[in-house]
Asker: 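Below is one structure. I have some questions about it.
Just so you know, these numbers use all the heavy atoms, side chains as well, and skip hydrogens, waters and symmetry mates. Every value quoted in this text rests on a predicted model; they were computed, and no experiment measured them.
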Amino acid sequence: MKSTEKIHVVSTLCQNKFGIVACMGLLAFIFSSIMPAYAVIEYDVKPDKEVKKWSGYVSAGYTRNVYGAESYHAYEAYNLDGRVSYRTDWGNLMLTVGGEKETLHGKESSFYDPFVEYRTHAYRLSDTVTVKGSAGVYLPASRYSKRDNLQYAPRVAAYIFWSPLDKLRFYLSPRYRYNAYQYQTAGERVLIEHKFDTLVDAFWMFNSNLYLEVNGRYRMSKNYYGKRMDDSFTFAQELGWQFNEDWVLALGHNNSGGFYHPEIGPSEGFDIYNKKSSTFYLSVTKYL
C-alpha cells in the first residue's frame with residue numbers, strides 16, 4: 001500500500017502498490033455490519049527516486065456483497081477517489097479525496113473525509129529496511145462526520161518497510177488519530193475520541209505484471225468517557241494486474257469485525273470471510 005532500485009515498468013508498480021496502506025479515514029464508514037472494501041488496500045504516489053514534483057493517482061471502483069438486492073443487508077456502491085502529491089526537498093505534501101454512491105436502500109452518496117498530509121522522505125536503516133513519518137489531518141465531509149459534528153481529526157503515523165526479496169515486500173504502520181467532535185455524544189451514543197491502529201501489509205509480485213497483496217489492521221479505541229471500546233480488525237486481499245504502464249486492474253475482498261473485550265463481552269471474533277460483513281470489489285487505477 002517501496003524503494004528498491006528497479007528499472008522496468010512492472011517494478012514501478014511493485015513500489016507503488018507496496019506503498020502505504022492506510023485506509024485514510026475511509027474506515028470511518030464502519031457504522032453497520034456492511035463495510036466497503038476499498039478502504040484497506042491503498043494506493044501510493046510514485047517512488048521517491050523519481051524527481052517529478054507532482055504525482056498521484058485516480059481510482060474508480062465497484063463494491064458488492066453477496067446478498068441479493070432485495071435483502072436489507074445488501075450493499076452495492078461505486079466509488080471514485082484520488083490523491084495528488086507535491087514533492088519538496090523535505091518531504092511530500094499530499095491531499096487525498098474521494099466519494100461513493102450507493103445504489104440500494106435509499107441510494108445514499110457521500111464524500112470521504114479529505115486527508116491533508118505531510119510525509120517525510122524515506123530514511124534507510126539497512127539494505128532492506130526503510131522508514132517514513134507522517135502527520136496530517138482529516139477534515140469533515142462524509143455524511144457520518146457531518147452527522148456527528150466532527151470538526152477535525154489529526155493523525156500521526158510511522159511506516160516501516162522491509163524488502164527481504166526483490167519481489168516480496170512487507171510493512172508495518174502504527175498510527176494514532178484524535179477525533180475532535182463539537183460534542184462528546186450524538187444522541188445516546190458516546191463518540192470515539194482516540195483511535196490506535198496497527199497495520200501490516202504483505203506484497204508479492206509473483207509474475208511480470210501480476211501481484212497479490214494481503215493487508216490487516218488492528219484497532220483499539222476509547223470514547224470521550226474514557227471507556228475502551230471493542231477492539232476491531234480489518235482484513236483484505238487483493239489480486240492485481242498491470243495491463244499498461246500506469247494502469248492497474250484489481251479484484252479484492254475485504255472483511256471487518258470485532259474481538260472480545262472483558263468490559264463489553266463476546267463479539268464476532270476474527271473471520272477471513274463473513275457473509276454479513278465481507279465485500280468484494282473491482283477497481284481500476286491510473287497513476288499520474
Side-chain angles (χ1 to χ4, degrees), residues 1-2 13 16-31 34-46 54-65 75-86 92-103 107-119 134 136-146 150 152-153 155 157 159 173 175 177 197 199 201 203 211 213 215 217 234 236-244 246-254 256 279-288:
M1 176 22 147
K2 238 189 94 151
L13 166 67
N16 286 339
K17 284 298 302 174
F18 174 67
I20 299 86
V21 165
C23 276
M24 289 308 175
L26 307 185
L27 294 177
F29 292 99
I30 312 174
F31 284 91
I34 298 172
M35 175 181 169
Y38 53 78
V40 177
I41 304 293
E42 182 198 295
Y43 302 95
D44 199 10
V45 296
K46 293 292 186 179
W54 293 94
S55 59
Y57 70 84
V58 177
S59 181
Y62 169 78
T63 305
R64 188 72 165 88
N65 65 7
Y75 176 83
E76 182 181 60
Y78 297 89
N79 69 281
L80 180 67
D81 57 274
R83 174 185 294 168
V84 60
S85 174
Y86 179 72
N92 287 72
L93 297 175
M94 300 180 180
L95 173 64
T96 305
V97 297
E100 71 169 8
K101 173 66 176 179
E102 295 185 29
T103 60
K107 299 182 178 180
E108 294 182 322
S109 60
S110 177
F111 292 108
Y112 304 146
D113 290 337
F115 186 51
V116 182
E117 179 187 12
Y118 163 70
R119 191 174 297 177
S134 166
V137 60
Y138 293 99
L139 303 175
S142 72
R143 61 176 180 266
Y144 297 112
S145 294
K146 290 183 176 180
L150 178 70
Y152 56 89
R155 195 209 72 179
Y159 303 95
S173 178
R175 56 191 61 184
R177 168 174 167 164
D197 289 348
L199 293 96
D201 183 273
F203 177 87
Y211 69 85
E213 187 168 8
N215 177 277
R217 185 217 66 194
T234 304
Q237 313 86 45
E238 182 174 290
L239 180 65
W241 170 44
Q242 182 190 16
F243 61 90
N244 202 298
D246 293 317
W247 290 86
V248 176
L249 183 67
L251 177 67
H253 162 259
N254 183 28
S256 63
T279 54
F280 299 87
Y281 64 91
L282 179 67
S283 67
V284 60
T285 301
K286 173 68 168 71
Y287 290 97
L288 307 175

Asker: Tell me, please, which residues at least two apart from Y152 pass ring pair (Phe, Tyr, Trp, His ring centres under 6.0 Å).
Answerer: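 With sequence neighbours excluded, Y152 shows a ring pair (Phe, Tyr, Trp, His ring centres under 6.0 Å) to no residue whatsoever.
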Asker: Does any donor atom in the side chain of R155 or S134 lie under 3.5 Å from an acceptor atom in the other side chain?
Answerer: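 Result is yes, a qualifying pair exists.
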Asker: Over all heavy atoms of both residues, which pair between Y211 and A250 is shortest? Give the atoms and the distance, please.
Answerer: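 That closest heavy-atom pairing would be OH-CB, 3.9 Å.
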Asker: Please report the interatomic distance CD(E117) to CG(L95), rounded to the nearest 0.5 Å.
Answerer: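 Answer for the CD-CG pair, E117 versus L95, is 10.5 Å.
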Asker: Is there a donor-acceptor pair closer than 3.5 Å between any side-chain N or O of N92 and the backbone N or O of S85?
Answerer: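 Flag not set: sc N92 to bb S85 has no pair under 3.5 Å.
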Asker: Do the side chains of F243 and V284 get nearer than 4.5 Å, heavy atoms only?
Answerer: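 V284 vs F243: side chains touch.
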Asker: Taking the side chain as every heavy atom from C-beta outward, state whether L139 and L150 have any pair of such atoms under 4.5 Å apart.
Answerer: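 When only atoms from C-beta onward are counted, L150 and L139 do not touch, as no gap falls below 4.5 Å.
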Asker: What's the spacing between N79 CG and Y62 OH if we round to 0.5 Å?
Answerer: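 That separation rounds to 12.0 Å.
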Asker: For K146, what residues pass the side-chain contact (heavy atoms from CB on, under 4.5 Å) criterion, not counting sequence neighbours?
Answerer: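 K146: no side-chain contact (heavy atoms from CB on, under 4.5 Å) contacts found.
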Asker: Can you list everything that forms a side chain to side chain donor-acceptor pair (under 3.5 Å) with T103? Sequence neighbours excluded, please.
Answerer: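 Expected list: E76.
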Asker: Heavy atoms, side chains only, cut-off 4.5 Å: are Y57 and V248 in contact?
Answerer: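 Not in contact.
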Asker: Within the 3.5 Å criterion, strictly below it, is a donor on S59 or D81 matched to an acceptor on the partner's side chain?
Answerer: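 No, no side-chain donor-acceptor contact under 3.5 Å.
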Asker: As an exercise, state the distance from CZ of R64 to OH of Y75, rounded to the nearest 0.5 Å.
Answerer: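 Taking CZ in R64 and OH in Y75, the distance rounds to 11.0 Å.
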Asker: Within this structure, what is the OG1-CZ distance for the pair T63 and F280, rounded to the nearest 0.5 Å?
Answerer: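 Output value for this atom pair is 11.5 Å.
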Asker: Does the side chain to side chain contact (heavy atoms under 4.5 Å, CB included) test come out yes or no for T234 and N215, once each step is laid out?
Answerer: CA-CA 8 Å; T234 304; N215 177 277; 6.0 Å; no
Asker: May I have the step-by-step check of side-chain hydrogen bond (donor to acceptor under 3.5 Å, both in side chains) for S142 and D113, ending in yes or no?
Answerer: CA-CA 5 Å; S142 72; D113 290 337; 3.3 Å; yes
Asker: If you look at every heavy atom in G136 and F115, which pair is closest and at what distance?
Answerer: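 Looks like C-CE1, 3.7 Å.
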Asker: Could you grab the distance from atom CD of E238 to atom NE2 of H253, nearest 0.5 Å is fine?
Answerer: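 The CD atom of E238 sits 13.0 Å away from the NE2 atom of H253.
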Asker: Could you check whether any side-chain N or O of D197 sits under 3.5 Å from a backbone N or O of R175, counting only pairs where one atom can act as donor and the other as acceptor?
Answerer: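 No: the side chain of D197 does not pair with the backbone of R175.
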Asker: Look at E102 together with R143 and state whether they make a salt bridge at an N to O cut-off of under 4.0 Å.
Answerer: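 Looking at E102 and R143, the cut-off is met.
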Asker: Can you tell me how far the NZ atom of K101 sits from the CG atom of L80, to the nearest 0.5 Å?
Answerer: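 Rounded to the nearest 0.5 Å, the NZ-CG separation comes to 14.0 Å.
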Asker: Show your reasoning for whether side chain to side chain contact (heavy atoms under 4.5 Å, CB included) applies to L93 and V116.
Answerer: CA-CA 8 Å; L93 297 175; V116 182; over 6 Å; no
